[in-house]
> 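Quick one: the structure is below, and I'll ask about it shortly.
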Amino acid sequence: MTFTRSPLLLPVRRIKPVQRFMAFVLAMFALLWTSQALAIEPVKISREDTALDLTATTEIYTGRGEAFQVSTAPGTDGIVRRIEVRSSTDNHQGDWAVFALANVSEEQIDRVIVAPHFRLVNSKIFWPDLGSQRILSITPSEGFALDRQPSDEADVFRITLNPGSVITFVAELATPELPQLYLWEPDAYKDTVNAFTLYRGIVLGIAGLLAVFLTILFVVKGTSMLPATAALAWAVLAYICVDFGFLSKLISVTAGDDRIWRAGTEVFLAAGLVVFLFTYLNLNRWHQHLSYATLAWILGLGLLFGVAIYDPAIAAGIARLSFALTGTVGIILIAYLGFNRYDRAILLVPAWLLTLVWLFGAWLTVTGQLANDIVQPALGGGLVLIVLLIGFTVMQHAFAGGAYSQGLFSDLERQSLALTGSGDTVWDWDVARDRVVTIPDISAQLGLSPGSMNGPARNWLPRLHPDDRDRFRATLDILLEHRRGRLNHDFRIRAEDGHYHWLSIRARPVLGANGEIIRCVGTIVDVTEQKNSIDRLLHNAMQDNLTGLPNRQVFLDRLQSILSLASGTNSVRPTVITIDIDRYKHVNDTLGIAAGDNILIALTRRLRRLLKPQDTLARLGGDEFGLILMSERDPAKVADFADAVSKAIMVPLSFGNREVNLTASIGLVSWVDQQENAAVLVDDAELAMFRAKKAGGNRVEPFRPAFRTSGTDRLQLEHDLKRAIERKELSLVYQPIVRLNDAEIAGFEALMRWDHPKRGNISPSEFIPVAESCDLIGELGLFAFDRATSDLTEWQLQTGDLPVFVSVNLSSAQLLNNELYDDIRAVLSKNRCDPNKIRVELTESLVMENPEQARLVLEKLKDAGLKLALDDFGTGHSSLAYLTRFPFDTIKIDKALVKDPSDKRAILLRSVISMARELDMEVVAEGIESEEDAVQLAKMGCDFGQSFLFGPPIGPDSILRLLKERFPLMKRA
């Protein structure tokens, strides 16, 4: 820095009067045009002055650029001079401070100028001044720039004043704020710093030990209060480390970084107090919204750590507001919970009152109303004292035992936990004053204004459902009259939106000294969802979910009731009509299931328009509707009605910019035989409907008795097969497979049987092709595999590990199903069946339909441990190349080849058996009719035989008895 004297202010006595006046005028104009400050008054210093506050006498100039001119204080000769000072750094903002000192003593005086970096005093709440380097350099009006003394907490410069000297000092400021400027006697300043250092060391030691001690307690005890308290202790330790300047002793902290650290520790302190309050009072037990609010609060404070890096002032200001808000909210919560006998809140009262006193003192300090130098260290010590008191309070909870420990879990807390866990609301009826109170207020659940449901019990009656009012009033009256019992009542109450809520009251009376009921206390629960669930279950049990029509069971019950009435009068003659939509499956496959559902809903609406009140429409299943026609008895009008139904269905439907044209197959039957019941009548109508569908659809077919004898009706068989799967009319029988060399049982082939309720046993050759054509074969095959493996496991549990296997037939549709392998693995795992004891049989023609797909699936089954058998060998393509391509283990020679009467039969059989033996395959011969044939096949090398000669197919129970007879020692072994 340099300074110069202005030539305009030379001594006045050397200039003539006119020149004096002109010089004075020019000087005044120069002062006005340059906007420079007038000369300042010096601060007089004597040797007895230990410390002087120069803040009030220091003039601050902002935005004056890198070259600053100022008038000096008048010297001993009374002359005011002009000096110019230039900044020492390129990034200087043009902020300057000017003060003057006058040594009025006769001795040379040594002093230090001190400008603290941070002062809590007058630092403000909003956008607080967090401090940094204050003075870059100080230039006196005489001599050289002052030397800076080492200090991490303040800018310290040493000066020497000669006797009688008056010196003006120009300070180059780093910031426009200069909260305090002191002039200290060096030894006094040193003593003061040492005293504060000792105090700060003691406070820091206590804070550090307290934080470590609480952390150790958390490790030992592990309760949730201890980590929250330890976190608060560490936050206080971090804050005073920065505030006392201890952090700069540990790490290198620049002046700019100090502001970030200070803001970060204030945020940490604010967050620690919130976490402690929430954890200590267990606020999550009282209301779930308190948990959400606290979590949002803590997350917001967490974001301030990032803000502190970019703008420390904003982060510190918000943290200070959070600290004040936490103190306010805390005293409200503590007061509320304390009045409700919550022990934790009561024990926290002393510590929190001390916290409020600290907050009040901090507010007075940051607003400048407390300006003492001791207040800032005192507030730091106050924080440690607060944490110390909180630590003692928490330790009482952590290590208290006996009755006191149990008392901490108060009755109020137990009740609160129970009600919070159950979701119930307390219902309290003060009978003497006739006042009902619900805690929490149930009015909010009903959309009413707060407190609307509190008051006399009669105020509830207008909002009750009309059907429940009398019952509610009578229940209360009976309780009051008998003065005993319990209140257990369900009723409906209207919410503000007009909907009714089901409420359930469970309460008991409280008797006074005179035996009268003075109070009735219990819980009230909203059970609307449970009631609706029950209603839905009842509705679903009687009505179709999609269309809302009665289901098949309700249709049959209603028809049976009508038939009971019809048997006693001639005026009731019902007609049953069944309706099936033609090619509905194609619509579902083309447009999707959603379109199919919408079509059924639209058809339901059309059919309802044709009905009269006495008629009944139902959905019997899938795309089949049933109709009980009571409004027409004349055959001609019944036929006209059926035609109207057909035409209504034929009206085109628009769906997704597409027009859908539908037709229906309709069967009808009129009741004439009093011996027939509802089920028979519906079956007859369905027979007529299937006949109409078989004839091409889009027609009405009246029932004729001849339909019942039609055994080749494929559609009827398909319908019956669907019902057979639902009613579990299918079963398995097992035909023995024996070893030909010793006639011992080696295994069984599982064969499916269908015991039709009307037609008796139906051959698999009749219903298996039907199942394949209507996509039921997958269910049938999986059923057979599941039942066979389950039976085998049961046999082994009863008899031991037998050397027998079970063969299960596989259909073509199953082999082409990509999920077959997963389904089989799941069944084997469920039934805990050894896959090596299961053989899967496939027909030769099936394998040839899709050889590549068949090979991939068979290899996966083989890898799963299953044995593979080629069934009906010799009746299909008999391509010998496929025997090496596919992983078969067994060949089953068809009975047609075994029974061949020609002379070449032996040659063919011997060739097939020899070929199989060469390929390491076992051979099973089917249809053996005599023992001579069995002996001859055994000599040829055939392994097994299967036919009625060795036993017919029998049920699983008979197989179990057979195995126990043939292998009597297996179980014992």
Side-chain angles (χ1 to χ4, degrees), residues 281-293 332-346 407-465 468 471-473 475-480 483-496 500-512 516-531:
L281 295 179
N282 278 333
L283 296 182
N284 59 314
R285 293 182 177 178
W286 302 101
H287 203 290
Q288 190 175 12
H289 292 312
L290 290 176
S291 301
Y292 297 147
I332 294 174
L333 289 173
I334 291 171
Y336 171 76
L337 298 176
F339 282 119
N340 285 278
R341 298 179 302 164
Y342 186 42
D343 297 333
R344 288 191 180 184
I346 296 173
L408 292 177
F409 202 67
S410 64
D411 293 339
L412 176 65
E413 188 173 10
R414 279 191 290 269
Q415 295 170 8
S416 175
L417 284 173
L419 290 176
T420 301
S422 64
D424 296 352
T425 299
V426 175
W427 186 79
D428 184 4
W429 180 27
D430 188 346
V431 178
R433 295 188 301 165
D434 190 20
R435 178 174 176 79
V436 175
V437 176
T438 56
I439 305 172
D441 189 4
I442 201 172
S443 304
Q445 298 181 26
L446 303 176
L448 305 174
S449 57
S452 299
M453 300 304 295
N454 295 340
R458 61 178 178 273
N459 290 351
W460 287 52
L461 294 177
R463 288 201 167 270
L464 294 183
H465 193 280
D468 297 336
R471 190 161 53 91
F472 182 80
R473 186 189 296 110
T475 302
L476 297 183
D477 292 342
I478 292 173
L479 185 69
L480 295 178
R483 296 186 295 276
R484 59 187 176 84
R486 289 178 176 270
L487 182 61
N488 192 341
H489 184 67
D490 296 346
F491 59 92
R492 288 162 289 182
I493 191 167
R494 188 181 71 255
E496 187 65 19
Y500 281 94
H501 289 241
W502 275 99
L503 299 181
S504 177
I505 289 182
R506 303 290 183 269
R508 64 180 304 170
V510 178
L511 301 180
E516 298 293 332
I517 295 178
I518 61 173
R519 212 173 193 90
C520 190
V521 182
T523 60
I524 183 169
V525 186
D526 190 330
V527 293
T528 305
E529 188 61 32
Q530 293 90 319
K531 290 287 187 179

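Excluded from the calculations below are hydrogen atoms, water molecules and symmetry mates; all remaining heavy atoms, backbone and side chain alike, are included. When a residue number appears, it is its place in the shown sequence, counting from 1. Bear in mind that the values here come from a model prediction, so they are computed numbers and not experimental data.
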> Out of Trp502, Tyr500, Trp460, which residue meets the side-chain contact (heavy atoms from CB on, under 4.5 Å) rule with Phe491?
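Output: one option passes, namely Trp460.
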> Which heavy atom in Ile334 sits nearest to a heavy atom in Ala345, and how many Å separate them?
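Distance-wise, the nearest heavy atoms are CG2-O, 3.3 Å.
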> With rounding to the nearest 0.5 angstrom, report the CZ to CG distance, Arg463 to Leu446.
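Nearest 0.5 Å value for the CZ-CG distance: 7.5 Å.
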> Looking only at heavy atoms, what is the nearest atom pair of Cys520 and Val431, with distance?
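In terms of heavy atoms, the two residues are closest at N-CG2, 4.3 Å.
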> Rounded to the nearest 0.5 Å, how far does CG of Asp428 lie from CD1 of Ile524?
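Result: 12.0 Å between the selected atoms.
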> Could you please spell out the steps behind the side-chain contact (heavy atoms from CB on, under 4.5 Å) verdict for Leu503 and Val525?
CA-CA 6 Å; Leu503 299 181; Val525 186; over 6 Å; no
> Which value, rounded to the nearest 0.5 Å, describes the distance between Leu461 atom CG and Ile493 atom CD1?
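Output value for this atom pair is 9.5 Å.
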> Checking side-chain contact (heavy atoms from CB on, under 4.5 Å) for the pair Met453/Val436: CA distance, chi angles, key distance, verdict?
CA-CA 8 Å; Met453 300 304 295; Val436 175; over 6 Å; no
> Might you point out which heavy atoms bring Asp490 and Ser504 nearest each other, and give the distance in Å?
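For Asp490 versus Ser504, the nearest heavy atoms are OD1-OG, 2.8 Å.
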> What closest approach, in Å, do Ser443 and Ser449 show between heavy atoms, and which atom pair accounts for it?
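Looks like CB-O, 3.4 Å.
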> Using side chain to side chain donor-acceptor pair (under 3.5 Å) as the criterion, list what pairs up with Asp468, not counting sequence neighbours.
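Once residues adjacent in sequence are excluded, the partners of Asp468 under the side chain to side chain donor-acceptor pair (under 3.5 Å) criterion are Arg471, Arg492.
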